[in-house]
**Student:** 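Right, I'll just put the structure down here and ask away after.
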There are 2 protein chains.
Amino acid sequence: MRRSEIRNHLLETALRLFNEHGYHATGVDLIIAEAGVAKTTLYRHFETKEDLILAALERRDEEDRYAMRAFVDAHATDPLGRLLATFDFLEAAVDDQRFRGCIFVSAAGEHKETVDPVFRAAVLHKRLTLAYFEELAYAARLVEPKRIAAEIHLLHEGAMVVAQMSRTAEPVRQAREMARKLLDTAGQSSTPRIPAQRAPADRI
Amino acid sequence: MRRSEIRNHLLETALRLFNEHGYHATGVDLIIAEAGVAKTTLYRHFETKEDLILAALERRDEEDRYAMRAFVDAHATDPLGRLLATFDFLEAAVDDQRFRGCIFVSAAGEHKETVDPVFRAAVLHKRLTLAYFEELAYAARLVEPKRIAAEIHLLHEGAMVVAQMSRTAEPVRQAREMARKLLDTAGQSSTPRIPAQRAPADRI
DNA sequence: GCAAAACGATACAGATCGGTATACAAACCT
DNA sequence: AGGTTTGTATACCGATCTGTATCGTTTTGC
């Protein structure tokens, strides 16, 4: 295994174990055993366990938001449909048998001090996710994009927590339906209408 | 301190520390130090730390649901207003400076196995809370009480998680507004109309 | 091809974990 | 009043925690 591969492998192993057992309950001895790596090696790549946690969360944050973007782009073209497609992405994640709740919410739950770097990393992920929803809401020309995005975000979080307990994807489908109704009654700025422009735009 | 007082004191101390630092991060040595009690005493009241956690969650579950009922009864008379008042109760809880997220969600986040007694205790609390929402939805004669109750529940969970990260009560107010709109468009069975009966009922 | 860096294996440090043992004082019940 | 229970205090158990030190081997970069 090359050096860069080891780092990747350690991050992936740690993320899997953090997701399975939580952060405090996952010792570095377990991580190195599962990764098949010496303890010295782990501590050459990461100064402390907290650094490993932070790097793992950062990695997961990027992966997760990139994957959501890719999924949404592949499953919907119009901005409103894209906002709804985020729930389909979430449903797929929840349907995965490895789903055990949002690792960022769990991280914040185990590191509750607002100055704790782990807590801050979790908050950052949520802020960036919210920013993506705002981006979609702006693109949909909603009259209150920030408010709608915050509502979508709240529905995502609620669906994830309820799904964490029920271990079914039903809450996600319900949240999607709530979002659909919400978007139905949300006002759209009428300047250049999307449907009126779609035909020529599709040809470009 | 009498025997029953010690048990209460231990449960309250443990709940405070679990809320502040989480479950794994709170050792029994810290609990007994903060409670001002010998270790032998703790283990005479609770067989294991897990038993203490379970007893603490059970205690908090009952307190919490009782307090919500009392608050709701005191702040609203009509069933629809009661469903909304649950958010006012939540807002007060979140506004408390000690709020660090839902302790049941954190408990489930640290004990992820569905067979883990702690996980099951967390799930039970959520199920009982949902049952209360259903009770209110039935009383409001909504045409789909279970669906509405589940939606209210999802909004509660979402608001709590977002508030856990933002450390403000704004998400709760937003969730309340979402619930208000949701109830506005929700159908009510028209048999004995509440407004038609309210005047005489108020005099009794 | 050779020095430097990174690796694995192991042993260990010092602290903390949940839980027990022991001995003795205080409070309770009949 | 006296025996049982429940409390405090303290020392201890073995296991586990994060992190380091040592040392020989393998890989890497120039």
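Fair warning: this is a prediction, and the values are worked out from it, not measured in the lab. Just so it is clear: chains get the letters A, B, ... in the order the sequence lines come, proteins before strands, and each one is counted from 1.
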**Student:** Under 3.5 Å, is there a donor-acceptor pair between the side chain of Thr13(A) and the main chain of Ala35(A)?
**Tutor:**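 Side chain of Thr13(A) to backbone of Ala35(A), a donor-acceptor pair under 3.5 Å: no, none is there.
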**Student:** Is any side-chain heavy atom of Lys146(A) closer than 4.5 Å to one of Tyr138(A)?
**Tutor:**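 Result yes, sub-4.5 Å side-chain heavy-atom pair found.
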**Student:** For Glu5(B) and dA27(C), what is the distance between atoms CD and C1' respectively, to the nearest whole Å?
**Tutor:**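 One finds 13 Å between C1' of dA27(C) and CD of Glu5(B), rounded.
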**Student:** Taking only side-chain N and O atoms of His45(A), does any of them lie within less than 4.0 angstrom of OP1 or OP2 on dC7(C)?
**Tutor:**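 Yes, such a contact exists.
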**Student:** Using whole Å, report how far CD1 of Ile32(A) lies from C1' of dT16(D).
**Tutor:**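 Between C1' of dT16(D) and CD1 of Ile32(A): 13 Å.
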**Student:** Rounded to the nearest angstrom, tell me the gap between atom OH in Tyr23(B) and atom C1' in dC17(C).
**Tutor:**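 These atoms are roughly 19 Å apart.
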**Student:** So which one's nearest nucleotide on DNA chain D is more toward 5', Leu30(A) or Glu47(A)?
**Tutor:**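 The residue whose closest nucleotide sits nearer the 5' end is Leu30(A).
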**Student:** Provide, to the nearest angstrom, the distance between the NE2 atom belonging to His24(B) and the C1' atom belonging to dT18(D).
**Tutor:**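 Value for this atom pair: 16 Å.
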**Student:** Considering residues, nucleotides and ligands other than Arg147(A), do more than 12 of their heavy atoms fall under 6.0 Å from its CZ?
**Tutor:**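 More than 12 within 6.0 Å, yes.
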**Student:** Decide yes or no, distance alone: a donor-acceptor N/O pair under 3.5 angstrom between the base of dG19(D) and the side-chain of Lys39(A).
**Tutor:**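 Yes, the side chain and the base share a sub-3.5 Å donor-acceptor pair.
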**Student:** May I ask you to say what Asp29(A) touches in the nucleic acid, namely base, sugar-phosphate or nothing, with a heavy-atom cut-off under 4.0 Å?
**Tutor:**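 Base contact.
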**Student:** Output the single nucleotide from dG19(C), dT8(D), dA9(C) whose closest atom is nearest the side chain of Ala38(A).
**Tutor:**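 Output: dA9(C).
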**Student:** Do the rings of His24(B) and His111(B) sit parallel, tilted or perpendicular, given the 30° and 60° boundaries?
**Tutor:**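 The arrangement is parallel - the two ring planes meet at less than 30°.
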**Student:** In whole Å, what is the span from the OH atom of Tyr43(A) to the C1' atom of dC7(C)?
**Tutor:**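 Distance check: Tyr43(A) OH to dC7(C) C1' gives 17 Å.
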**Student:** Roughly how many Å is it from NE2 in His21(A) to P in dT16(D), rounded to a whole number?
**Tutor:**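 Rounded to the whole Å, the gap is 14 Å.
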**Student:** Hey, which of these two, Thr26(A) or Leu42(B), hits DNA chain D nearer its 5' end, going by closest nucleotide?
**Tutor:**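 Result: Leu42(B).
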**Student:** Do any side-chain nitrogens or oxygens of Thr41(A) fall under 4.0 Å of OP1 or OP2 in dG8(C)?
**Tutor:**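 Indeed, a polar side-chain atom of Thr41(A) lies that close.
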**Student:** Tell me whether the side-chain N or O atoms of Thr40(B) pair up with the base of dA9(D) as donor and acceptor below 3.5 Å, since no angle test is needed here.
**Tutor:**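 Present.
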**Student:** Just the rounded figure in Å: distance from C1' of dG19(C) to CZ of Arg44(B).
**Tutor:**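 Rounding to the nearest Å, CZ of Arg44(B) and C1' of dG19(C) are 14 Å apart.
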**Student:** Which nucleotide sits closest to the side chain of Val28(B): dG18(C), dT18(D), dC7(C)?
**Tutor:**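 Selected nucleotide: dG18(C).
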**Student:** Send over the distance from Arg7(A) CZ to dA6(C) P, rounded to a whole Å.
**Tutor:**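 Roughly 13 Å, once rounded to whole Å.
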**Student:** Check whether any side-chain heavy atom of Tyr23(A) lies under 4.5 Å from a side-chain heavy atom of Val118(A), and answer yes or no.
**Tutor:**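 They are not in contact (no side-chain heavy atoms under 4.5 Å apart), so the answer is no.
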